[in-house]
There are 2 protein chains.
Amino acid sequence: MNVLEKIVNSVNSFSKSERKVADVILANPQITIHSSIAALAKMADVSEPTVNRFCRRLDTKGFPDFKLHLAQSLANGTPYVNRHVEEDDGPDAYTAKIFESTMAALDAARQNVDIITINRAVDVLTQAKKISFFGLGASASVAHDAQNKFFRFNVPVVCFDDIVMQRMSAINSSEGDVVVCISHTGRTKNLCDIATIARENDATVIGITAQDSPLAKECTLVLSLEVPEDTDMYMPMASRVAQLVLIDILATGFTLRRGSKFRENLKKVKDSLRGSRFDKKDYHG
Amino acid sequence: MNVLEKIVNSVNSFSKSERKVADVILANPQITIHSSIAALAKMADVSEPTVNRFCRRLDTKGFPDFKLHLAQSLANGTPYVNRHVEEDDGPDAYTAKIFESTMAALDAARQNVDIITINRAVDVLTQAKKISFFGLGASASVAHDAQNKFFRFNVPVVCFDDIVMQRMSAINSSEGDVVVCISHTGRTKNLCDIATIARENDATVIGITAQDSPLAKECTLVLSLEVPEDTDMYMPMASRVAQLVLIDILATGFTLRRGSKFRENLKKVKDSLRGSRFDKKDYHG
DNA sequence: GACTTTCATGTAATTTAATTACATCGGAAT
DNA sequence: ATTCCGATGTAATTAAATTACATGAAAGTC
């Protein structure tokens, strides 16, 4: 609960003088955060220690700490909460909601991500003989994206969104190969099979999926993303955005691990793109 | 602009010691707001006046005022700042940075997105005889994802990542068809051609691309995303996440526009998936 | 109804934090 | 090589916040 709400809620438990302080703060919160305790005391017509006691009553360490909390309450930043789109939302409303809930999802994912496992996954990927990305449905595009990224690293990388091809590829895998299986729910049967087959053929299987899911059980390493999204009911949105960010993280870790001389490879790939694009200056003016 | 962004932006104009201060603050912003100037100076291994001068350089009145501003920047719980990954970042550092800069990018995109054009795009899409999604490279996965989404709406939808197929498809388009061209830079020659061809064949061309780019010039409707990312130099990361969110927005607008009876279609698609998945309860306990 | 106790509040002293003024060091330019 | 300027640190000063203590008002007790 933020401090402003707290003040409003506990207004009854205040003494007479404390109430005067509360009134002044609620009336001009912006001024308060730029005032000294002396100035505020004068405004509220109470003594400085009274203001200090008021701050302590609100579980802050003192007046400066209180101002910090107040400043945060007043920050005009957007509350990044998961707001669901409603039937009668206009374009402005649903646009805002989708942006916000995506950001909220990323924030949640960020807080729950397991760095140690990420690091281990990067380890495994950098040592891979061959990397395969498999996904179905919405996760197929994530797999494609991953292929696009890792392809730049000059590592054998494949990506299939066809069950049969995935299966064949998994059967042909061997020790040193890394198979990345992507599924938000972790309950896609075909993909679980792929993971099992790959493991039986001594490949390392990294799962980008839900913790404790059937798929997770088949994986060597599980990168779970805690994104509260029910893809049984709704279209996958935030979940696959989080997956993509995770791919970015793995790719970045890969790049850093390989060291600076390896980065010439990246430059080559970039240079190769130049011919296919209009020059940046071409269209100015 | 919030203080955190300001620090990141003006990192070049800092002196050596000021930079040390900036680094410490960016590394532990939450700790900073609860530290005294002495503690922070010690952490950064500089003198107290240096910290003070640093605060002044950022147009704050002094250290306490700076903390206030910082607190407001952090109010959402997350510092949404575009921070670049450095050579010697550990997994925790680059993971945090990538999450944060992605969120920052979404925040920027959200603030600059043009709702009116979005609404018009939804208009056009709902009335389309056929929808085609075209992208190359990283944008190809975005196109795939879009296909996956719009496919659920029971509308003829195609997606090609092959230049020849794209070209043939564009040539065969006609009035009432909608072609969506996706490119962050808007300078991919082949895609510009596709847009031109599609327009010549009376299709409506929606561009998800940079404002005023060569591609934008060929489009009927331009949905521009202001994501500061140089994909000539770096791998596309935040840019394509923003594109995906835009796709989500268009898909959502589409769903809402079609009204409630249409949503039975979505249910059908969802139900069809059930057989391919393990039941939610299957793996509990 | 006077006395005591307790709680709220204010005054003044103390401590802590932040700022300013000044000195010193190092690097760039002459 | 010397001088000058900017950056940085040290020490003094000032400002702010907190603590300790004193006063006064209200409630309860004899």
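In what follows, chains are A, B, ... by sequence order, proteins preceding strands, each numbered from 1. Basis for what follows: all heavy atoms, side chains included, without hydrogens, waters or symmetry-related copies.
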Asks: Between A:Arg240 and B:Asp248, does at least one N-O distance fall below 4.0 Å, as a salt bridge requires?
Replies: yes
Asks: Could you state the atom-to-atom distance from CG of A:Asp65 to P of C:dT16 in whole Å?
Replies: 17 Å
Asks: With a 4.5 Å limit on heavy-atom distance, are the side chains of A:Arg110 and B:Glu100 in contact?
Replies: yes
Asks: A:Pro49 has a side chain; which of C:dG10, C:dA18, C:dT11 sits nearest to it?
Replies: C:dT11
Asks: Name every residue in residues 20-29 of chain A that has at least one heavy atom under 4.0 Å from any atom of DNA chain C, in order of residue number, or write none if there are no such residues.
Replies: none
Asks: Without decimals, in angstroms, what is the distance between B:Lys67 NZ and D:dA17 P?
Replies: 11 Å
Asks: For DNA chain D, what residues of residues 33-44 of chain A have any heavy atom nearer than 4.0 Å?
Replies: A:Ser36, A:Ile37
Asks: Given atom CD of A:Glu48 and atom C1' of C:dG10, what is their separation to the nearest angstrom?
Replies: 11 Å
Asks: Rounded to whole Å, please give me the gap between CZ in B:Phe63 and C1' in D:dA15.
Replies: 16 Å
Asks: Checking B:Ser213 side chain against B:Ala216 main chain: does a donor-acceptor pair fall under 3.5 Å?
Replies: yes
Asks: Can you tell me if NZ on B:Lys61 sees more than 12 non-hydrogen neighbours from other groups inside 6.0 Å?
Replies: no
Asks: With respect to the side chain of A:Asn52, which nucleotide from D:dT18, D:dA11, C:dG10 is positioned closest?
Replies: D:dT18
Asks: If I take atom CD1 from residue A:Ile208 and atom CG from residue A:Leu250, how far apart are they, to the nearest 0.5 angstrom?
Replies: 5.5 Å
Asks: Over how many whole Å does the gap from B:Lys16 atom NZ to C:dG27 atom P extend?
Replies: 7 Å
Asks: Mind listing the residues from residues 53-60 of chain A sitting with a heavy atom below 4.0 Å of DNA chain D? Number order is fine.
Replies: A:Arg56
Asks: According to a strict under-4.0 Å criterion, is B:Ser15 in side-chain N/O contact with OP1 or OP2 of D:dT8?
Replies: yes
Asks: What residue among A:Asp59, A:Ile25, A:Ile33, A:Ile37 forms side-chain contact (heavy atoms from CB on, under 4.5 Å) with A:Phe66?
Replies: A:Ile25
Asks: Check for me whether the distance between the ring centres of A:Phe133 and A:Phe150 falls short of 6.0 Å.
Replies: yes
Asks: Do B:Lys67 and A:Lys67 have side chains that get closer than 4.5 Å, going by heavy atoms?
Replies: no
Asks: What is the distance, rounded to the nearest whole Å, between atom NZ of B:Lys61 and atom C1' of D:dA16?
Replies: 14 Å
